Protein chains: 2
Amino acid sequence: MIEALRGQNFRLTPQRLEILRILASSREHPSVEQVFEEVRRRFPTTSLATVYRNILKLKELGQVLELGFAEGGNRYDGNRPFPHPHMVCIRCRKIMDPDVENLENLTERIASSTGFKIVNHRLDFFGICPRCQEADSA
Amino acid sequence: MIEALRGQNFRLTPQRLEILRILASSREHPSVEQVFEEVRRRFPTTSLATVYRNILKLKELGQVLELGFAEGGNRYDGNRPFPHPHMVCIRCRKIMDPDVENLENLTERIASSTGFKIVNHRLDFFGICPRCQEADSA
DNA sequence: CTATACGTGAAAATGATTATCATCTAATAT
DNA sequence: ATATTAGATGATAATCATTTTCACGTATAG
């Protein structure tokens with residue numbers, strides 16, 4: 001991911017590198033607040049604005065995907081390939097990636113039936129994850 | 001839709017009835033602001049808070065679906081059946097409903113492979129609608 | 001018709017995100 | 001190694017969507 005950022009007028013500050021590292025290594029689809037807390041563990045003076053700024057850059061460069069929900073508070077996804085479906089637990093708010101399905105023919109079918117030129121899609125399933133189901137029955 | 005609301009302590013004020021009418025009849029997946037402006041045409045003193053309050057009620061009653069996007073500003077969907085896919089035009093921001101596909105087996109496949117108990121899903125395609133494609137080539 | 005609980009309008013409060021600005025520093029040239 | 005400078009940071013204010021507050025209004029049950 002770092003390689004993808006070289007070339008433009010892009011400085012590799014410690015905070016930036018740490019934010020990159022967190023987003024690239026997390027499978028948790030973290031919120032800004034979560035990234036902020038984790039950056040702070042290593043660089044305690046980091047500002048929340050810095051986290052937002054860097055995530056914005058990564059968004060623009062296509063390195064992370066922003067996941068908006070009606071409830072507010074975006075989540076960020078650095079796991080490739082894009083796009084892929086998400087499993088959202090409505091109890092613990094965790095977001096997981098299921099095994100990737102082949103959705104290309106679905107996209108093509110809808111494109112041809114609607115006349116849209118489709119450039120992206122998003123597929124989210126909402127439900128209760130296995131762990132929260134256990135907690136329910138316990 | 002009105003029938004679905006009777007029974008509970010629900011008063012049928014003029015503003016409320018107008019908001020219901022707008023959401024039930026619109027195919028445009030309007031924003032709060034758009035509903036607000038339309039209500040105002042008939043009831044010019046209506047407050048924005050009233051629009052939010054009534055949409056919240058309808059959400060809770062399952063009569064409208066709230067569509068959140070990363071860009072902010074929710075859109076509202078009163079078109080059944082729920083859930084159904086959406087075609088989002090990234091140029092004009094219109095949201096359309098394509099012909100409904102059969103997605104049940106997709107849901108079942110993902111449920112069994114992840115262990116999730118799925119209660120809902122959301123499938124959005126982002127692209128350029130036919131009208132905006134024409135505008136491009138013109 | 002009266003009473004009461006729910007609804008409304010206006011404005012303040014909240015929460016997430018973005019912009020501002022003075023200061024700092026990574027990258028580049030000297 | 002040093003100076004230069006454009007980009008980055010931290011702190012804070014501003015913005016935008018949404019929710020809450022509260023005094024007043026009114027639909028509905030009795």
Side-chain angles (χ1 to χ4, degrees), chain A residues 2-3 5-23 29-61 63-76 93, chain B residues 2-3 5-23 29-61 63-77 93 95:
Chain A
I2 292 178
E3 297 78 54
L5 306 181
R6 296 196 184 280
Q8 44 264 70
N9 309 329
F10 221 96
R11 292 187 189 171
L12 301 181
T13 65
Q15 298 93 327
R16 172 164 290 167
L17 287 169
E18 179 68 3
I19 292 168
L20 290 186
R21 194 191 60 72
I22 291 167
L23 285 169
H29 307 78
S31 65
V32 168
E33 205 60 38
Q34 287 168 330
V35 174
F36 177 58
E37 286 169 17
E38 196 165 338
V39 178
R40 281 251 178 181
R41 287 212 278 273
R42 209 177 295 200
F43 302 100
T45 68
T46 305
S47 165
L48 186 55
T50 295
V51 178
Y52 273 105
R53 276 188 290 244
N54 280 293
I55 288 178
L56 176 62
K57 282 254 177 191
L58 290 169
K59 239 194 311 180
E60 290 167 354
L61 294 169
Q63 297 298 307
V64 297
L65 207 60
E66 188 172 41
L67 305 177
F69 295 96
E71 302 77 38
N74 291 325
R75 305 283 290 265
Y76 296 90
R93 307 264 30 160
Chain B
I2 293 179
E3 298 77 55
L5 305 181
R6 298 195 183 280
Q8 44 264 72
N9 308 330
F10 220 95
R11 293 187 188 172
L12 302 182
T13 65
Q15 298 93 326
R16 175 164 290 167
L17 287 170
E18 179 68 2
I19 292 168
L20 290 186
R21 192 190 61 71
I22 291 166
L23 284 169
H29 307 77
S31 66
V32 167
E33 204 62 35
Q34 288 168 330
V35 174
F36 178 58
E37 285 168 19
E38 196 165 337
V39 178
R40 281 251 179 182
R41 287 214 277 273
R42 209 177 294 203
F43 302 100
T45 68
T46 305
S47 165
L48 187 55
T50 294
V51 178
Y52 273 105
R53 275 188 289 244
N54 280 294
I55 288 178
L56 177 62
K57 281 254 177 190
L58 290 169
K59 240 195 309 180
E60 290 168 353
L61 295 169
Q63 297 300 306
V64 297
L65 208 59
E66 188 172 41
L67 304 178
F69 296 95
E71 301 78 38
N74 291 324
R75 305 282 290 265
Y76 296 90
D77 187 344
R93 307 264 32 161
I95 301 175

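Predicted model only: the values in this text are computed from it and were never measured. By convention in this document, chain letters (A, B, ...) are assigned in the order of the sequence lines, proteins followed by strands, and residues within each chain are numbered from 1.
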- How long is the line joining CD of A:Glu71 and P of C:dT17, in whole Å? 13 Å

- Over how many whole Å does the gap from B:Leu17 atom CG to D:dT28 atom C1' extend? 14 Å

- Task: Calculate the interatomic distance between A:Leu56 atom CG and C:dT18 atom C1'; express it in whole Å.
- Result: 9 Å

- Kindly say if B:Tyr52 contacts the phosphate of D:dT19, meaning a side-chain N or O under 4.0 Å from OP1 or OP2. no

- Message: Without decimals, in angstroms, what is the distance between B:Leu67 CG and D:dA17 P?
- Response: 17 Å

With a cut-off of 3.5 Å and sequence neighbours excluded, list every side-chain donor-acceptor pair involving residues 43-51 of chain A.
| residue | atom | partner | partner atom | Å |
| --- | --- | --- | --- | --- |
| A:Thr46 | OG1 | A:Phe43 | O | 2.7 |
| A:Ser47 | OG | A:Ala49 | N | 3.1 |
| A:Thr50 | OG1 | A:Arg53 | NH2 | 3.2 |

- Distance (rounded to the nearest 0.5 Å) between A:Leu56 CG and A:Glu66 CD: 8.5 Å

- Task: Provide, to the nearest angstrom, the distance between the CG atom belonging to A:Leu58 and the P atom belonging to D:dA8.
- Result: 12 Å

- Are the side chain of A:Arg16 and the backbone N or O of A:Arg11 linked by a donor-acceptor pair below 3.5 Å? yes

- Task: Calculate the interatomic distance between B:Phe36 atom CZ and D:dT18 atom P; express it in whole Å.
- Result: 13 Å

- When you check the gap from the basic side-chain N to the acidic O, do B:Lys57 and B:Glu60 get nearer than 4.0 Å? no

- NZ/NE/NH1/NH2 to OD/OE distance under 4.0 Å, B:Glu18 and B:Arg21: yes

- Could you tell me the separation between the CG atom of B:Asn74 and the P atom of C:dG15, rounded to a whole number of Å? 17 Å

- Task: Determine, step by step, whether B:Val35 and B:Tyr76 satisfy the side chain to side chain contact (heavy atoms under 4.5 Å, CB included) criterion, reporting the C-alpha distance in whole Å, the side-chain angles of both residues, the deciding distance to 0.1 Å, and the verdict.
- Result: CA-CA 9 Å; B:Val35 174; B:Tyr76 296 90; 5.9 Å; no

- In 5'-to-3' order, the base (B), backbone-only (S) or no-contact (-) status of each nucleotide in nucleotides 5-12 of chain C, using a 4.0 angstrom heavy-atom cut-off, is BBSBBBB-

